[in-house]
Every structure is written in C-alpha cells, then in structure tokens.
Amino acid sequence: YIHNSSVLKQSRPEWVVYQDLFETQNKIVMRGVSVINPEWLPTFCPSLVTLGPHLSEPEPVWSVSCGQVMARYQGQYGQLGWQLPVTELEMVQSLEKYKWFARFLLEGQVASELAKYKTSLLSNPLIMVKSWSNLQKRTELILKELAREHCDNAEKLKNIWNRDKKYLLSSYLAWLPEVIHSDVSK
C-alpha cells in the first residue's frame, strides 16, 4: 500500500519504487514512492530482468541512430516473474544477432556504400535469417567472419575496417556476380 500522505495515493500507479516500508497496525505501507516506467527495468536493472527470446513479430530492425540490431522482448521482472510490457532493446548477443546484422549489412543499411550493390546480389539478404540459411555456403562465409571478430554493430565494423580494409571482402564477393567483383574491390 502507498502511505496516505503520498500524493500518489489517489492516482494508484501500476509501477513504483519506494524508499521505505513500514508496518502500521494492520498493513505494510510504502513511503518515498516514485512512479517508474516498467520499460526502464531491462536497462537499469538487467540482473533482475529475464528477457527470453526476442519476439518474432515484429521482426528485429536496424537502428541507424544506435548502429545496432534492435529487437522486441517480453520480459519478466524479479523473483515473482512480473510480466513487463514489450520493450525494444539492442538484440542479445547470439548467432541470431549475427544473422540479422549480416542481413542489414547486405541490404546496405549498415554501410550505405553497399546499397548500390543490393540489386546485384545473387541471393536475397532475407535468407540470412531463415532456418535453412546454413544450406548456402555464402551465408556461412559471412557469418563465420562476423562471429570470429564479434562484429555485430556499426561501430565494431567501422573499427575493424579501419585496421583491415579487406575485412568481409571475400565473403561479400560470394554474394555478387564475378563481373562486378573488380568494382566492389575498389
């Protein structure tokens, strides 16, 4: 219960934090209460939140402003597993994240200079996130290179390209017809 002297007593917020609990004659009440947004919990209290797998709908997206693969999660908070609202967060580190990052890279969303080659790709970048993607050698090539360098965001890719200009070149060329390999290699 919220203490009677609190201005929040009448509004009855759904999610709060409190400074102090004390016991009156017949109930335990909170003092020093503040309203919080439950979407903050995965960011500010990650050790108390269980996210589970990302939601399949809507699909993960590329955030240009963050330079990250973002996904939506339906988390649970605390030992009692209170259900949190759906929250969009940076996708959790996994093979799945590398697949989505590779898809967005091939589509030209991660590195805009690659967008001009999107129509020349030998396969649709969407296959990167399909369950059968490992059946195509070109998907394995790019995934192995990304995983080897733990490259799953724009900043990491930029740093790797600064020290190795040829990083991903051979695996990217596997996605393109040989007639344009020389154009891409420039």
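Values reported hereafter were calculated over all heavy atoms of this structure, with side chains retained and with hydrogens, waters and symmetry mates removed.
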Is a donor on one side and an acceptor on the other found under 3.5 Å between the side chain of [X] and the backbone of [Y]?
X    : Y    : answer
Y117 : I180 : no
R103 : M128 : no
H54  : M91  : no
W175 : R138 : yes
T87  : P85  : yes
S63  : M70  : no

Strictly below 4.0 Å, N to O, side chains only: are K137 and E140 in salt-bridge contact?
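No salt bridge links K137 with E140.
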Option among N153, L157, V64 that satisfies the side-chain contact (heavy atoms from CB on, under 4.5 Å) test with V110
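In the set N153, L157, V64, the residue that makes a side-chain contact (heavy atoms from CB on, under 4.5 Å) with V110 is L157.
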Please determine whether the number of non-hydrogen atoms from other residues, nucleotides or ligands lying under 6.0 Å from atom [atom1] of [X] exceeds 12.
X    : atom1 : answer
R12  : CZ    : no
Y167 : OH    : yes
Q10  : CD    : no
Q74  : CD    : yes

L105 to L168 - nearest heavy-atom pair and separation
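Here L105 and L168 meet closest at CD2-CD1, 3.6 Å.
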L51 to V92 - nearest heavy-atom pair and separation
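Minimum heavy-atom contact is CD1-CG2, 4.3 Å.
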Which word best sums up how the rings of W40 and F44 line up, parallel for under 30°, tilted for 30 to 60°, or perpendicular for over 60°?
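Correct class here is perpendicular.
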Please check if any side-chain donor atom of Y98 sits under 3.5 Å from a side-chain acceptor atom of Q93, or the reverse.
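Indeed, the side chains of Y98 and Q93 share at least one donor-acceptor pair under 3.5 Å.
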